[in-house]
Novice: 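Sending over a structure as structure tokens; questions will come in a sec.
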Amino acid sequence: LAHAVALSPSCIGIGLGENTALLISSGNTANCIGSGMVVMIDGNKIKYTNINVVDDSKPIYIENLIVSIWVEGCCFKLNDL
């Protein structure tokens, strides 16, 4: 997920854990439900990464990712991300 966000830093990456969902209502309100967690990765503030210059067999580095972890009962507005 972090790799995908590094390739498209203006997008928010959303990863869903097993038995977990993000219920979106009214087009803007997101509620986390289930026994796992939702991981959100925001790349808008990435300062440095080697993703555009590194060989596919090498690891990447990314500095300044914003990561949020949500569990059941967490609620937020998508427009606030």
Side-chain angles (χ1 to χ4, degrees):
L1 185 58
H3 190 274
V5 170
L7 288 169
S8 300
S10 63
C11 296
I12 301 288
I14 300 174
L16 300 175
E18 193 170 322
N19 298 320
T20 307
L22 194 59
L23 179 63
I24 300 171
S25 57
S26 302
N28 186 42
T29 303
N31 290 290
C32 182
I33 58 174
S35 61
M37 63 181 150
V38 174
V39 177
M40 296 192 142
I41 301 179
D42 181 347
N44 282 302
K45 298 195 186 286
I46 289 176
K47 287 187 178 182
Y48 304 106
T49 181
N50 66 343
I51 197 151
N52 293 318
V53 297
V54 72
D55 177 309
D56 285 342
S57 65
K58 302 289 183 187
I60 62 167
Y61 71 85
I62 309 167
E63 182 180 321
N64 220 38
L65 282 176
I66 299 169
V67 178
S68 299
I69 298 175
W70 307 89
V71 295
E72 184 160 35
C74 290
C75 179
F76 57 93
K77 302 289 184 185
L78 294 171
N79 289 342
D80 292 343
L81 298 177

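We count residues from 1, following the sequence as given. Both backbone and side-chain heavy atoms feed into the values below; hydrogens, waters and symmetry mates do not.
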Novice: Hey, what do you get for CG (Asp55) to CD1 (Ile60), rounding to the nearest 0.5 Å?
Specialist: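 It comes to 13.0 Å.
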Novice: Taking atom OG1 of Thr29 and atom CZ of Phe76, what is their separation to the nearest 0.5 Å?
Specialist: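 It is 10.0 Å, given to the nearest 0.5 Å.
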Novice: Start with the C-alpha gap between Leu22 and Leu16, add the side-chain angles, then the distance that decides, and say whether side-chain contact (heavy atoms from CB on, under 4.5 Å) holds.
Specialist: CA-CA 8 Å; Leu22 194 59; Leu16 300 175; 4.2 Å; yes
Novice: With side-chain contact (heavy atoms from CB on, under 4.5 Å) as the criterion, how do Cys74 and Asn31 come out once you've worked through the C-alpha distance, each side chain's angles and the decisive distance to 0.1 Å?
Specialist: CA-CA 6 Å; Cys74 290; Asn31 290 290; over 6 Å; no
Novice: For the backbone of Lys77 and the side chain of Asn28, can you confirm whether one donor and one acceptor N or O come within less than 3.5 Å of each other?
Specialist: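 No, Asn28 side chain to Lys77 backbone: no donor-acceptor pair under 3.5 Å.
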Novice: Counting only heavy atoms not in Glu63, do more than 12 sit closer than 6.0 Å to its CD atom?
Specialist: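 Atom CD in Glu63 is packed in, count exceeds 12.
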Novice: Which heavy-atom pair separates Cys32 from Thr20 by the least distance, and what is that distance?
Specialist: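 Shortest heavy-atom separation between Cys32 and Thr20 comes out as SG-CG2, 3.9 Å.
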Novice: Measure the OG-CG distance between Ser26 and Leu78 for me, rounded to the nearest 0.5 Å.
Specialist: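 So the OG of Ser26 and the CG of Leu78 are separated by 11.0 Å.
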Novice: With the 4.5 Å side-chain cut-off for hydrophobic clustering, are Val67 and Ile46 part of the same group?
Specialist: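 Cluster IDs for Val67 and Ile46 match.
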Novice: Honestly curious: do Val71 and Met40 fall in one hydrophobic cluster under the side-chain, below-4.5 Å linking rule?
Specialist: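 Result: no, two separate clusters.
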Novice: Flag yes if Ile14 and Ile24 sit in one hydrophobic cluster, no otherwise; membership is Ile, Leu, Val, Met, Phe, Trp, Tyr, and two members link when side-chain heavy atoms are under 4.5 Å apart.
Specialist: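 Ile14 clusters together with Ile24.
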Novice: Please check if Ile66 and Tyr61 belong to a single hydrophobic cluster, counting links between Ile, Leu, Val, Met, Phe, Trp and Tyr side chain heavy atoms closer than 4.5 Å.
Specialist: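 No; Tyr61 is not reachable from Ile66 via cluster members.
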Novice: Just verifying a value: how many Å separate Ile69 CD1 and Ile41 CD1, rounded to the nearest 0.5 Å?
Specialist: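 One finds 9.0 Å between CD1 of Ile69 and CD1 of Ile41.
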Novice: Which pair of heavy atoms, one from Ile62 and one from Ala6, lies closest together, and at what distance?
Specialist: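 Of all heavy-atom pairs spanning Ile62 and Ala6, the closest is CD1-CB, 3.6 Å.
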Novice: Are Leu1 and Ile51 connected in the hydrophobic side-chain network, where two residues link if heavy atoms are under 4.5 Å apart?
Specialist: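 Yes, because Leu1 and Ile51 connect within a single hydrophobic cluster, where side-chain heavy atoms sit under 4.5 Å apart.
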Novice: Would you say that more than 12 heavy atoms from the other residues, nucleotides or ligands in this model lie under 6.0 Å from the CG of Asp56, or not?
Specialist: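 Check fails, neighbour count at 12 or below.
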Novice: For the atom pair NZ (Lys45) and CG (Asn64), what is the distance rounded to the nearest 0.5 Å?
Specialist: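 Here the rounded value is 8.0 Å.
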Novice: Within a strict 4.5 Å, meaning less than it, do heavy atoms of the Ser10 and Asn44 side chains meet?
Specialist: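 They are in contact (side-chain heavy atoms under 4.5 Å apart), so the answer is yes.
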Novice: Between Glu18 and Ser35, what is the shortest heavy-atom contact and its length?
Specialist: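 Closest heavy-atom pair between Glu18 and Ser35: O-OG, 4.2 Å.
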Novice: How long is the straight-line distance from OG1 of Thr49 back to NE2 of His3, given to the nearest 0.5 Å?
Specialist: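 The NE2 atom of His3 sits 8.0 Å away from the OG1 atom of Thr49.
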